[in-house]
Number of protein chains: 2
Amino acid sequence: MRRGKDLPIFNRLQVLRAERGLTRAALAEAVEVNPQTIGALERGDHYPSLDLAFRICEVFGLPVEAVFSRNPFTPLSTQVYGSRQEGTE
Amino acid sequence: MRRGKDLPIFNRLQVLRAERGLTRAALAEAVEVNPQTIGALERGDHYPSLDLAFRICEVFGLPVEAVFSRNPFTPLSTQVYGSRQEGTE
DNA sequence: ACGAAGCGTTGCAAAAACCCAACGACACGT
DNA sequence: ACGTGTCGTTGGGTTTTTGCAACGCTTCGT
């Protein structure tokens, strides 16, 4: 978390894991790290290495930008179905 | 370079820098690291943090996968103009 | 010939990421 | 009530990335 304190990095790990019914331990095993490391990433304790980020993205079959991003993620749900407020109809 | 020794990560830093006429020091300043760090990345001494990778990609205006990849990059030149051998015409 | 600029590389110190063991909290099934 | 599983978190250690200073090499301009 070096100079990224002015520009943090967000991630969708928790959501993606929930979507696929993956437990922390399961994801940890899939990317060959400890479950605590997954926990630390989810709660933002620190950032992953590029190596680990790639392994994680490979598990989910997603590009890096879909899992990690500089600006906070909008919920996938509203992104797919739209927000109730947007039309104000 | 932890577990990535079986699956290394390649990067196009040198080429991208040359394309835009950026010196090591210039790129280093743009992403706020030391020039030696750029050198270490280019020669594969170690991998960048995700934070640094993002800053680099921002400078080039490219997605992460365009700068860092798990399989070696084909030269941009042949990728754009094609290889002489392919037709064998 | 000289200096400046860029590259390539080394060695050591600091910071960040990661490992590992352990504990408590909560939900669930029996 | 008890065990199991998942989560959340902590503390102390190892590994990797980064910072920093320094040196040698080449090219270019003067």
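Chain naming here is simple, since letters A, B, ... match the order of the sequence lines and numbering starts at 1 in each. Worth saying up front: this structure is predicted, and the values here are computed from it rather than measured.
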Inset, instruction - For the helix from C:dA1-D:dT30 to C:dT30-D:dA1, measure the angle between the helix axis at one end and the axis at the other, each built from five pairs, rounding to 10°. - result: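 One end axis against the other gives 30°.
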Nucleotide nearest [X] (side chain, heavy atoms from C-beta), chosen from [options]:
X	options	answer
A:L52	D:dT18, C:dT9, C:dC18	C:dC18
A:R43	C:dC18, C:dG8, D:dT9	D:dT9
B:V33	D:dG19, D:dT6, C:dC19	D:dG19

Legend entry - Residue met sooner reading DNA chain C from 5', once A:P48 and B:R24 are mapped to nucleotides: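 So the residue in question is B:R24.
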Between [X] and [N], is there a contact of a side-chain N or O with OP1 or OP2 at under 4.0 Å?
X	N	answer
B:T23	C:dA5	no
B:T37	D:dG19	yes
A:R17	D:dC7	yes
B:S49	C:dA16	no

Inset, instruction - Decide yes or no for A:L50 and A:V64: does some side-chain heavy atom of the first lie under 4.5 Å from some side-chain heavy atom of the second? - result: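 With C-beta onward as the side chain, the pair stays apart.
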Inset, instruction - Say whether, by atom type as modelled, one donor and one acceptor occur between the side chain of B:R17 and the main chain of B:L22 under 3.5 angstrom. - result: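 Side chain of B:R17 to backbone of B:L22: a pair is present.
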Inset, instruction - Could you tell me whether the side chain of B:Y47 and the main chain of A:S49 form a donor-acceptor pair under 3.5 Å? - result: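 Not a single qualifying donor-acceptor pair exists.
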Inset, instruction - Group every Ile, Leu, Val, Met, Phe, Trp and Tyr by side-chain heavy-atom contacts under 4.5 Å, then state whether B:V33 and B:L62 land in the same group. - result: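 Yes, one cluster joins them.
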Legend entry - Over 12 foreign heavy atoms within 6.0 Å of CD, B:E65: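 Yes, enclosed.
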Legend entry - Nucleotide-resolved protein contact map, nucleotides 20-30 of chain D, B/S/- at heavy-atom distance under 4.0 Å: BBB--------
